[in-house]
Visitor: 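First the structure, then my questions, so here it is.
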Amino acid sequence: MANLEELLHQRLAPAFETVAGAPVDPVIRRSQRAHFQSDAALALVRKIGGNPRDIASRVVEAAQLDDLCSSVEISGPGFINLTFSDEVLARLLADTIGDERLGVPQAKAPETIAIDYSAPNAAKEMHVGHLRSTIIGDAAVRLLEWQGHTIIRQNHIGEWGTPFGMLVEHLLDIGESEAAHELSVGDLNGFYRAARVKFDADETFKDRARKRVVLLQSGDETTLRLWKTLVDESKKYFMTVYGMLGVRLTEDDFFGESYYNDQLQSVVDELDELGLLRESDGAQCVFPDGYKNRSGDPLPIIVKKGDGGFGYGATDLATIRHRLRNLHATRLLYVVGLPQHQHLAMIYDVARDARWLVPPARAEHVGHGSILGDDGKMLRTRAGKSVKLVDLLEEAVVRASAVVAEKNPELDEEARAAVAQAVGIGAVKYADLSTDRTRDYVFDVDRMVSFEGNTAPYLQYARARICSIFRRAGVETPLQGIEKLVIAEPAERALALELLEFSSLLAEVSETLEFHKLANYLYGLASAFTSFYEKCPVLRAEGDVKQSRLALCDITARTLELGLGLLGIDAPDRM
Ligand code: ARG
């Protein structure tokens, strides 16, 4: 099924072309005055002269929109205002009743997409930045997979850099079993801090740490075994966090920095052969064009350090080459905090200079802001420590449980626990995804779990309420035998229009990965449903009208369920 914009586009594009004598994009968008509008006649005047209102009416004449629109108006200086007829809305919606995909088409050109997300650092607590990356990345995985793309999940955990020298030495100091114990109970920060304190205070420890990194990166067996203890315990811990969050990341998705170790030297060699490598302060560097530090000097990506070690830049270069050359990905997404924007832009530029990244393949930084505490600063505990993610998630579930119990005292304990889980975790995810990802937001559990406002529980509840309409009516879903809908009341029309916008909205979000637009869409849909349900009786209606309204309820519930599902949020049937 074509979406509404497409239907208009298919008619207006050729009509504009007839009038202009050359292809013109009709630029169709939602309108305040009508359903849609096209303003392209205005811009056309500069090309072909004449009067824009006159051009607009010639276009309308040529487009022959009578079978789609109940009204086509030329307004103002030459806008074309377009309103779909009720019959067309009814017919298009009727098609979605028997359709699992709710009228949303599969991607026309499926791609292989590598998504780099979550990426916490081993032997260190996951922080709220990793929470954002995990939630946004998971939504990207779900949406793009559902559109029919092949998704490669890449959890680029940090486990190969300089800190691992110090961490392995600290592990030796306290003994392997004690270290394993500390890490397995999730005291990652304690372990890291203790190592750091020694590193800063004790020159001999510092020296041992430096030597240990070199041993590690050159493959010394004992060092590797000790290092693996650290990394494995951390991975186990990360898996419990992913389990709580209900994201799709698995054990098999860990492709940490170390995965690229044996490709690093070949990156150096290849860049050297291409003439891109330059020595600077003893290190091997690449200087992509146009990046300067504060004093105006060119900024490097350090590929190989003076002491022979490799760092974050080198691994990222190996990673991008691997994803393009070996995994054959054509779209690379990096879900990483905004402070790393310049680093990633430089990596992409080097990859372009090296001809690894060649269009149509593209790399995109899906950047995100921070999560703040209610003081407006980076989220910290009262004692000033960084907040543990699991604590935040547990708190959200506990609060959700209280709110759910109050809202629905009839739920038994087991059902309540399940709903509280869906609501608490859903609330945390939704608060994140409903904010423009480039902005910071305040972590406010009370607001997140509230049933009022633009929150997960509000949307989950809107859907659960529809489920209860069907239970009360004794009607089984999916509905059968409904061939035609009746759209006659303004609230029906508004709801129908909203429902029919789902597919173009998803197409947009799969390009921009601006999940707040999907969230806002769902919120708008739930509000349109609420007005519809207030104004149009469903169970008390009769005949075709009743059937049609039940169908509107069903399509709304399924759209909410699917939309929330694409955001990684469960929708309980009762709550
Ligand atoms: N581990 C890094 C951090 O915690 C994020 C890695 C992002 N991915 C990448 N390919 N650089 O900041």
Visitor: Between Glu73 and Arg33, does at least one N-O distance fall below 4.0 Å, as a salt bridge requires?
Guide: no

Visitor: Does His365 have its ring centroid less than 6.0 Å away from the ring centroid of Tyr348?
Guide: no

Visitor: Between the side chains of Arg331 and Glu111, is the shortest nitrogen-to-carboxylate-oxygen separation below 4.0 Å, so that they form an ion pair?
Guide: no

Visitor: Between Asp86 and Arg493 (salt bridge meaning N to carboxylate O under 4.0 Å), is one present in this structure?
Guide: yes

Visitor: Do the side chains of Ile55 and Val19 get nearer than 4.5 Å, heavy atoms only?
Guide: yes

Visitor: Looking at Arg11 and Asp67, does any basic side-chain N land under 4.0 Å from a carboxylate oxygen?
Guide: yes

Visitor: Roughly how far, to the nearest 0.5 Å, is CG of Leu562 from CD1 of Ile555?
Guide: 13.0 Å

Visitor: Just by distance, with hydrogens left out, do Tyr430 and Asn454 show a side-chain donor and acceptor under 3.5 Å apart?
Guide: yes

Visitor: Could you label the plane-to-plane angle of the Phe451 and Tyr461 rings as parallel, tilted or perpendicular, counting under 30° as parallel and over 60° as perpendicular?
Guide: perpendicular

Visitor: Using 4.0 Å as the upper bound for N to carboxylate O, is an ion pair formed by Asp138 and Arg248?
Guide: no

Visitor: If you take all heavy atoms of Ala526 and Tyr458, which pair is closest and at what distance?
Guide: CB-CE2, 3.7 Å

Visitor: Is it the case that more than 12 heavy atoms not belonging to Arg439 sit under 6.0 Å from its CZ atom?
Guide: no

Visitor: Just checking, is any N or O donor in the side chain of Ser118 or Tyr242 under 3.5 Å from an acceptor N or O on the other one?
Guide: yes

Visitor: Can you confirm whether more than 12 heavy atoms, excluding those of Gln106, are under 6.0 Å from its CD atom?
Guide: yes

Visitor: Could you tell me whether Arg30 and Glu501 have a side-chain N and a carboxylate O separated by less than 4.0 Å?
Guide: yes

Visitor: Taking the side chain as every heavy atom from C-beta outward, state whether Val538 and Phe470 have any atom pair closer than 4.5 Å.
Guide: no

Visitor: One thing to verify: whether Glu514 and Lys517 come together as a salt bridge, which I'm taking to mean a side-chain N less than 4.0 angstrom from a carboxylate O.
Guide: yes

Visitor: If we ignore angles and hydrogens, is there a donor and acceptor under 3.5 Å between the side chains of His35 and Asn81?
Guide: no

Visitor: Quick test of your reading of the model: are Arg325 and Glu270 salt-bridged, counting only N-O distances below 4.0 Å?
Guide: yes

Visitor: Looking at Arg58 and Asp54, does any basic side-chain N land under 4.0 Å from a carboxylate oxygen?
Guide: yes

Visitor: At what distance, to the nearest 0.5 angstrom, does CG of Leu485 lie from CG of Asp95?
Guide: 9.5 Å

Visitor: How about Phe255 and His156: are their ring centres within less than 6.0 Å of each other?
Guide: no

Visitor: Going from OG on Ser71 to CZ on Phe84, what distance comes out if it is rounded to the nearest 0.5 angstrom?
Guide: 11.5 Å

Visitor: Could you list the residues that satisfy ring-ring contact (aromatic ring centres under 6.0 Å, His included) with His130, not counting sequence neighbours?
Guide: His127

Visitor: Can Gln37 and Asp39 be counted as having a side-chain donor-acceptor contact under 3.5 angstrom?
Guide: yes

Visitor: Would you say Thr96 and Asp99 are linked by a side-chain donor-acceptor pair, where the criterion is simply a distance under 3.5 Å?
Guide: no

Visitor: Does any donor atom in the side chain of Asn520 or His516 lie under 3.5 Å from an acceptor atom in the other side chain?
Guide: no

Visitor: Could you verify whether a donor N or O on one side chain and an acceptor N or O on the other, from Gln154 and Tyr259, lie under 3.5 Å apart?
Guide: no

Visitor: Glu489 versus Arg549: any side-chain heavy-atom pair under 4.5 Å?
Guide: yes

Visitor: Verify the distance criterion only: is there a donor paired with an acceptor across the side chains of Tyr117 and Asn155 at less than 3.5 Å?
Guide: no

Visitor: Please say whether more than 12 non-hydrogen atoms of neighbouring residues, nucleotides or ligands are located less than 6.0 Å from CD in Glu61.
Guide: no

Visitor: If the test is side-chain hydrogen bond (donor to acceptor under 3.5 Å, both in side chains), which one of Asp116, Thr112, Thr330 qualifies with Arg323?
Guide: Asp116

Visitor: Take Asp316 and His343, measure what side chain to side chain donor-acceptor pair (under 3.5 Å) needs, and give me the verdict at the end.
Guide: CA-CA 10 Å; Asp316 261 332; His343 164 76; 2.8 Å; yes

Visitor: Determine whether more than 12 heavy atoms belonging to other residues, nucleotides or ligands lie under 6.0 Å from atom CG of Asn326.
Guide: yes

Visitor: Do the side chains of Arg352 and Asp349 get close enough for a salt bridge, i.e. N-O under 4.0 angstrom?
Guide: yes

